[in-house]
Amino acid sequence: MLRIEGLTKTYKTGDKALSDVSFDVPQGQVVGLIGPSGAGKSTLIRCINRLVEPTSGKVLLNDLDLPALRSADLRRARRRIGMIFQEYALVERLTVMENVLSGRLGYVGFWRSFMRRYPASDISNAFRLLDRVGLMQHADKRADALSGGQRQRVGIARALAQDPELLLIDEPTASLDPKTSRQIMRLIMEICRERGLPAIINIHDVVLAQQFTDRIIGLQAGRVVFDGPPAGLTEDVLTQIYGEEDWTAMRKGAAEDAEAEAEEKAQAEKLLRAL
Amino acid sequence: MSTAYPTTWRKPPQMIQSRGWRIALALGAIVYLFLAIGTIEVNWARVIAGMERAQRFVAGFLQPDFTTRWRDISNGLMESLTMTFTSTVVGVAISIPIGVGAARNVAPRAVYLVCRAIIAVSRALQEIIVAIFFVALFGFGAFAGFLTLTFATIGFIGKLLAEDIEDIDEAQAEAIRATGASWIQLINYAIQPQVMPRLIGLSLYRLDINFRESAVIGIVGAGGIGAALNTSLSRYEYDSAGAILLIIIAIVMMAEYSSGYLRKWVK
């Protein structure tokens, strides 16, 4: 399905973000990509759809070598790779529906997209996706009128509107509260299962990654240092990826933290509203 | 084991570290200021004579005469308004592609350089100089004024639009690029929604700048209300001039008020 071979990225500044990264992702597998900030997680998924140009190496999606594509072919390849972003990256001043339909941009001509006259099948599909993520009644709202969790759902619908063969997901929960984070992760997993979609999820939260993904890849300074099932993430492995820390405490504390944090957040919001 | 922390704190000097240099520079600036003022020659006799004229001017202002020259005034006004409106519309229409081309994050390097050069030329030449040039080329009248204001609008809107495009939230553009959108779709879906409110605001702002400029360039022969103002001033008809100035002020204030309202509305 997706095969990465010897992927290397050196930035102009000389920083080596990725060195010789190789792995395969079979059909339907959800991979959690973990690692400390600056380990190259974001760069890695952006090298796949070439929002960042890899320096060398191969990225084969169904035997199509993505780094070798020229611009028109690259666009055709990109439309089959859905991407979900950390800060949602919705176009804030467009409506929810326009944001979802923008997932079809690679399929329709400029004039159709400019006049917002999408084919009937695209429109009914967009409504179906909005219904799937539970935002049917928000279709005509502007994206900046939604809450964080709702925006991320629109982001998911946009990625699915592309009719993707692969999902790239960059820190989907980093700007969400713990409860919403879990809901979003669950939604992403359900959708991947429904469609048999493979996905690569960059994720900071180790507990969340273990709970939801099929396989974990650990990056450290641009190299793969762990590749295995979530259960294989032992303390030694975590120390190897992130450095010395009391990992058992983190795991035990995580659940309590999540609750406390949610409560605190609700409190803060109440305060803000009162102000 | 309590440490005694300092109780006073001063912001450290930001630009010049040495105290001596700071004092020397400040003294130098003051001395220069006095010397510079000393070199201005004032002809007090002329100032007193001028005061009398200023008095007449103010008197004219206080008793503006709208009626005697109403024909000239209304013709000039219509010409100015037409000139302002057409030049803003045409100018903005031309400056949009130039502004997009001059934004480093969306335009290829060669296009960027060409568009920046166009903007630089437009901004380097002051309206009056351009107006004199166009009057020499096309003769007296509103057409020269229209061309001048269009030319000036391109530099103004082009530059500010380009800077606004360079300041957009890149994540939104990245997301649209990731869907497989073409360049023009990227502009329409990711860039346009982000810069549109500001573009509308800038266009309205330029509309009232163009109206004010139309009064100034009229003085060098580019038609409009400025020509009427020039005529009445050279005839020493300060009451008519006062009326014209009052009209200009009223229109600028109206434009200011309504553009503020519109800008709030398009947010």
Side-chain angles (χ1 to χ4, degrees), chain A residues 42 45-46 48-52 69 71-95 98-116 142-144 151 154-155 158-164 167-168 170 175, chain B residues 92-93 96-97 99-101 103-112 157 160-204 261-267:
Chain A
S42 259
I45 67 166
R46 280 173 172 72
I48 295 173
N49 64 357
R50 280 177 58 190
L51 289 176
V52 171
L69 295 178
S71 68
D73 293 326
L74 173 64
R75 284 185 48 213
R76 211 163 303 133
R78 268 181 184 164
R79 67 188 192 186
R80 299 305 300 276
I81 304 174
M83 190 157 176
I84 297 168
F85 295 84
Q86 174 174 0
E87 306 264 1
Y88 331 121
L90 301 181
V91 182
E92 303 269 307
R93 284 205 185 86
L94 293 184
T95 61
E98 278 170 305
N99 270 293
V100 177
L101 285 171
S102 70
R104 301 303 295 171
L105 286 175
Y107 295 91
V108 302
F110 170 68
W111 200 243
R112 258 179 190 277
S113 69
F114 180 74
M115 299 301 289
R116 310 299 197 250
R142 246 165 62 156
D144 54 9
R151 287 188 208 195
V154 178
R158 172 176 64 191
L160 294 177
Q162 288 176 239
D163 188 18
L167 279 183
L168 302 175
D170 190 18
S175 7
Chain B
V92 169
I96 288 172
V100 172
R104 203 170 316 178
N105 53 347
V106 293
R109 181 121 186 105
V111 177
Y112 167 78
I157 301 278
L160 293 173
L161 179 63
E163 270 162 21
D164 208 30
I165 293 175
E166 285 173 357
D167 278 346
I168 58 155
D169 174 13
E170 278 295 339
Q172 298 180 31
E174 197 181 34
I176 295 297
R177 210 174 281 130
T179 64
S182 62
W183 183 83
I184 188 94
Q185 284 173 328
L186 177 78
I187 300 291
N188 181 226
Y189 272 74
I191 313 290
Q192 190 192 323
Q194 291 194 58
V195 300
M196 206 57 190
R198 187 152 154 79
L199 178 61
I200 292 171
L202 286 174
S203 304
L204 291 170
Y261 179 78
L262 268 169
R263 254 175 290 187
K264 227 175 279 166
W265 183 70
V266 296
K267 262 270 145 53

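Letters A, B, ... are given to chains in the order of the sequence lines, protein chains preceding strands, and every chain is numbered from 1.
For the atom pair CD (E170(B)) and CG (L51(A)), the distance works out to 11.0 Å, reported to the nearest 0.5 Å.
Taking each heavy atom of Q172(B) and V91(A) in turn, the nearest pair found is OE1-CA, 3.3 Å. Considering every non-hydrogen atom in both A175(B) and A89(A), the closest pair reads CB-O, 3.4 Å.
Side-chain contact between P193(B) and E98(A) is absent, with no heavy-atom pair separated by less than 4.5 Å.
Interface with chain A: from residues 176-185 of chain B, residues I176(B), R177(B), A178(B), T179(B), G180(B), A181(B), S182(B), I184(B), Q185(B) qualify, criterion being any non-hydrogen pair under 4.5 Å.
Of the two parts of F85(A), only the side chain, counted from C-beta on, holds a non-hydrogen atom closer than 4.5 Å to a non-hydrogen atom of chain B. Proximity to chain B is absent for every atom of R104(A), based on heavy atoms less than 4.5 angstrom apart.
The backbone N or O of S113(A) lies less than 3.5 Å from a partner atom in the side chain of Y189(B), making a donor-acceptor pair.
Between chain B and the residues I84(A), L74(A), L90(A), the largest count of heavy-atom pairs under 4.5 Å involves L90(A).
When the side chain to side chain donor-acceptor pair (under 3.5 Å) test is applied to Q162(A), no partner is found at least two apart in sequence or on another chain. Under the ring pair (Phe, Tyr, Trp, His ring centres under 6.0 Å) criterion, W265(B) pairs with no residue, sequence neighbours left out.
Residue pairs satisfying the salt bridge (Lys or Arg N to Asp or Glu O under 4.0 Å) criterion with at least one member in residues 78-92 of chain A, sequence neighbours excluded, are listed as follows: E92(A)-R151(A).
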